[in-house]
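To keep things clear, I will list the structure first and then write my remarks on it.
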Amino acid sequence: MSRYWSWNKIIPKEECERIINDLSNIEGYRGTQEKELYGKIYIRLVSGNNLTTKLIYGFAHEANDSLFHYEITDHEQMQFIEYGIDDRLQYHQDLVYDGLEVAPVRKLSVSVLLSDPKDFEGGEFEMYSGFKEPTKPLTEQGSIVVFDSKAYHGITPITSGVRYSLVLWATGPLFK
Amino acid sequence: MARYYSWDNIISKSECERIIDDCKSDLGEIAQVGNGVGGSTVDKYRKTNIRWIDNDRLIAKLIYGFVREANDAYFHYNITNHEQIQFGEYSTGGNYNYHQDTIILERGIEISPTRKLSVSVLLSDRQDFEGGEFVMYNGGKEPLKPLKGQGSIVVFDSSDFHAVEPVTFGVRHSLVMWATGPLFT
């Protein structure tokens with residue numbers, strides 16, 4: 001089964017909207033590598049001093065204390081991601097092994113759904129589960145999921161509207 | 001991409017045949033696991049015959065040695081023990097759908113010791129079967145096929161999804177073992 005820790009609708013709707021408005025001012029860039037696999041999502045990097053970053057990193061730590069018990073020492077810059085029509089993320093791992101990785105590595109991934117699911121279609125967060133149906137732990141506005149960065153996950157194509165989410169990677173020494 | 005450590009054709013053909021004969025003889029009946037069609041959950045995703053091999057057999061020492069070597073060279077995990085070797089026989093129709101070897105309980109909980117590295121050994125000559133490819137899930141890309149030929153060995157993270165494609169002709173013999181240790185930190 002998929003291994004994850006989640007909160008459902010933990011961030012109120014008004015707060016989600018405030019975060020979207022606040023972070024939309026940041027200048028971003030388009031992720032264009034391997035467009036057919038990953039679409040052309042628009043990524044804005046959020047400062048480590050931003051209170052939303054502090055909040056989300058706190059959730060990563062709480063999930064770690066509850067379930068994963070990994071050695072976590074830091075995090076990468078949080079990403080505020082905008083998915084438009086046809087954007088998607090094919091199943092992938094956030095911790096990509098090439099046999100030469102050096103610490104710190106991504107150990108826990110956090111994904112936050114900021115948009116109201118009524119405002120877009122498609123764009124479902126799925127965790128690959130082998131011969132079983134994919135797990136869908138992130139379906140409502142203001143929900144948060146924390147999972148092992150080695151786990152394969154993806155976002156199905158957006159068919160209408162816009163989907164906003166936050167992604168943060170908690171990092172630490174190599175897995176032992 | 002999934003990461004693994006492998007040796008191609010490291011065990012000679014004659015040695016592979018000796019291991020197969022040894023595993024098949026004097027060890028009692030082979031148990032069928034699943035039927036590949038329906039019934040229980042297991043039946044739907046797996047059809048193999050398996051047999052457990054005692055840890056004090058030399059083959060167990062040999063395969064565990066390969067895992068330790070892969071760990072020293074590549075993974076650097078805290079490995080403290082291993083489970084029994086499983087000798088597998090996939091005859092025509094035999095398969096094992098994409099799965100992880102890590103045992104994950106309800107609500108994502110794992111118990112210690114946990115499976116950390118998996119090793120798979122192809123004992124059969126590829127001329128003796130068709131299909132039966134060992135494949136590692138690789139996201140939206142083509143699956144990886146790290147087991148090249150008879151006597152090849154692959155060691156990989158037990159949380160990586162992998163499968164054995166259906167055998168369409170002949171019989172495929174393999175060994176698998178799991179190296180264990182404290183939960184990942």
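Owing to the predicted nature of the structure, the values given are computational and were not obtained by experimental measurement. Naming: A, B, ... by sequence-line order, numbering from 1 per chain.
- The cluster map of Ile, Leu, Val, Met, Phe, Trp and Tyr, joined by side-chain heavy atoms under 4.5 Å apart, puts B:Leu183 and B:Ile109 in different clusters.
- Interface remark: B:Phe161 contributes side-chain atoms only to the contact with chain A (heavy atom separation under 4.5 Å).
- Using a 4.5 Å heavy-atom cut-off against chain B, the contacting residues of residues 52-77 of chain A are A:Leu67, A:Phe68, A:His69, A:Tyr70, A:Glu71.
- Under a hydrophobic-cluster definition in which Ile, Leu, Val, Met, Phe, Trp and Tyr are linked whenever side-chain heavy atoms come within less than 4.5 Å, directly or via other members, B:Tyr64 and B:Ile85 are assigned to the same cluster.
- The heavy-atom pair separating B:Gly108 from A:Arg3 by the smallest distance is O-NE, 2.6 Å.
- Checking side-chain atoms of A:Lys107 against main-chain N and O of B:Thr185 turns up a donor-acceptor pair under 3.5 Å.
- The hydrophobic cluster containing B:Ile10 also contains B:Leu117, counting ILVMFWY residues as joined when their side-chain heavy atoms lie under 4.5 angstrom apart, directly or transitively.
- Judged by a 6.0 Å distance limit and a 45° cone about the ring axis, A:Lys132 is not positioned over the six-membered ring of B:Tyr98.
- Contact of the B:Phe184 side chain with the A:Lys150 side chain is registered, since non-hydrogen atoms from C-beta on lie closer than 4.5 Å.
- Within a 6.0 Å radius of NZ in A:Lys9, other residues, nucleotides and ligands contribute 12 heavy atoms or fewer.
- By the 30° and 60° cut-offs, the orientation of the rings of A:Tyr91 relative to B:Tyr137 is perpendicular.
- Taking hydrophobic clusters as Ile, Leu, Val, Met, Phe, Trp and Tyr residues chained together by side-chain heavy-atom distances below 4.5 Å, B:Ile20 shares a cluster with B:Phe66.
- A pairwise comparison of heavy atoms in B:Tyr77 and A:Phe175 identifies CD2-O, 3.5 Å as the closest pair.
- Note on B:Val176: it clusters hydrophobically with B:Ile50, by side-chain heavy-atom contacts below 4.5 Å among ILVMFWY residues.
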Query raised in the report: Could you walk me through whether B:His76 and A:Leu174 pass the side chain to side chain contact (heavy atoms under 4.5 Å, CB included) check?
Result: CA-CA 9 Å; B:His76 311 296; A:Leu174 294 172; 5.6 Å; no

Query - B:Asn138 vs A:Gln93, side chain to side chain contact (heavy atoms under 4.5 Å, CB included): CA-CA, chis, key distance, verdict - result: CA-CA 9 Å; B:Asn138 195 22; A:Gln93 298 166 297; 5.9 Å; no

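- A donor-acceptor distance shorter than 3.5 angstrom exists from the side chain of B:Lys116 to the backbone of A:Lys176, with no hydrogens or angles considered.
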